[in-house]
Amino acid sequence: QSLMLAKAKEEWDQEIVDKQSEKERYLAERVTPLHTSGLSLSQLQDLCRELHEKVEIVDEERYDIEAKCNHNTREIKDLKIKVLDLRGKFKRPPLRRVRVSADAMLRALLGSKHKVSMDLRANLKSVKKEDTEKERPVEVGDWRKNVEAMSGMEGRKKMFDAAKSPTGQ
């Protein structure tokens, strides 16, 4: 392993040197050296104007290329989303309930700062359940009387009887 690491480091160093020499060669081809010695003020100003024009042209090209690149990346994102939509909807895995105490939740939210343990149940009021079955007496008797008393059938029964008697005569 150490031999492989040494060989990889040598190749990496060689690659860095190759890139640097390629950069220097390319710049020597593209950029001509400036000869500013012996030029008058007006000639230097003309030279500066020419250089500014070249910089503006290069800057416009860079901006155009950057805009195209951004457009392409947006288009790639949209196409990826379309591909995912065409594949179908993803099935969500069923979530399991996890029981976490209040202390564990506060520790997770606040990190190691949380040192006070809170007992959330300590402040709750205690409520006694009342036995409703023991208080309510259970009446066992004639169900007809119970229904008439509970639903107020006396008035309706009279109306029913009154309506029945004229037709029966």
Side-chain angles (χ1 to χ4, degrees), residues 1-139 150:
Q1 285 182 347
S2 61
L3 290 173
M4 287 175 60
L5 286 174
K7 181 69 174 167
K9 180 156 177 37
E10 287 176 13
E11 288 180 8
W12 189 44
D13 291 339
Q14 184 62 36
E15 188 176 324
I16 291 172
V17 169
D18 291 344
K19 281 185 180 180
Q20 185 66 26
S21 63
E22 178 67 24
K23 182 179 177 182
E24 289 173 2
R25 185 191 61 78
Y26 179 79
L27 287 176
E29 282 178 13
R30 300 283 290 181
V31 179
T32 58
L34 289 177
H35 301 290
T36 56
S37 61
L39 294 176
S40 67
L41 182 63
S42 63
Q43 290 174 336
L44 286 175
Q45 287 176 345
D46 290 339
L47 181 64
C48 287
R49 285 188 192 103
E50 289 176 23
L51 291 176
H52 278 289
E53 288 174 5
K54 288 180 181 178
V55 167
E56 286 177 5
I57 292 170
V58 170
D59 202 29
E60 286 176 6
E61 290 176 3
R62 182 191 57 83
Y63 179 79
D64 291 342
I65 291 171
E66 188 176 330
K68 285 180 185 177
C69 184
N70 288 338
H71 177 73
N72 288 342
T73 54
R74 261 187 264 118
E75 194 172 327
I76 288 171
K77 276 185 185 178
D78 292 342
L79 290 174
K80 281 183 180 179
I81 290 171
K82 284 182 183 179
V83 166
L84 290 176
D85 287 344
L86 290 175
R87 281 187 189 163
K89 301 294 180 193
F90 291 105
K91 187 175 181 182
R92 291 185 181 170
L95 300 177
R96 287 184 248 142
R97 289 186 183 257
V98 179
R99 299 193 95 172
V100 180
S101 67
D103 293 334
M105 270 194 288
L106 287 173
R107 259 189 243 111
L109 290 173
L110 302 176
S112 61
K113 298 178 198 173
H114 174 68
K115 293 183 180 173
V116 178
S117 65
M118 288 181 58
D119 187 14
L120 298 176
R121 295 181 183 178
N123 297 332
L124 297 176
K125 294 181 180 178
S126 61
V127 178
K128 291 183 179 180
K129 287 186 178 179
E130 297 179 12
D131 252 349
T132 56
E133 292 179 13
K134 290 183 181 177
E135 293 177 5
R136 193 171 30 164
V138 179
E139 294 180 15
M150 295 292 273

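Remark: Ile65 CD1 to Glu61 CD distance equals 6.5 Å, nearest 0.5 Å. A distance of 10.0 Å separates CG of Asp59 from CG of Asp64, quoted to the nearest 0.5 Å. Of the inter-residue distances, the one linking Ser40 atom OG with Asp46 atom CG reads 8.0 Å to the nearest 0.5 angstrom. To the nearest 0.5 Å, atoms CG (Leu44) and CZ (Arg49) are separated by 11.0 Å. Rounding to the nearest 0.5 Å gives a distance of 12.0 Å between CG of Leu86 and CD1 of Ile81. Considering CG of Leu47 and NE2 of His35, their distance stands at 11.0 Å, rounded to 0.5 Å.
With respect to Asp85 and Lys82, no salt bridge is recorded, no charged nitrogen being found less than 4.0 Å from a carboxylate O.
With respect to Glu11, the side-chain contact (heavy atoms from CB on, under 4.5 Å) criterion is satisfied by exactly one of Lys9, Glu15, Gln14, Lys7: Lys7.
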Exercise for the section: Go through the steps for Arg25 and Glu22 under the test salt bridge (Lys or Arg N to Asp or Glu O under 4.0 Å), then give the verdict. Expected result: CA-CA 5 Å; Arg25 185 191 61 78; Glu22 178 67 24; 2.4 Å; yes
Handout entry: Residue pair Gln45, Leu41: steps toward the side-chain contact (heavy atoms from CB on, under 4.5 Å) verdict
Key = CA-CA 6 Å; Gln45 287 176 345; Leu41 182 63; 4.1 Å; yes
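In this structure, Leu34 and Leu51 have side chains that are in contact, with non-hydrogen atoms separated by less than 4.5 Å. A heavy-atom distance below 4.5 Å is not found between the side chains of Val58 and Lys54. Here the side chains of Glu66 and Arg62 are in contact, with some heavy-atom distance below 4.5 Å.
Atom CZ of Arg30 is surrounded by 12 or fewer heavy atoms from other residues, nucleotides or ligands within 6.0 Å.
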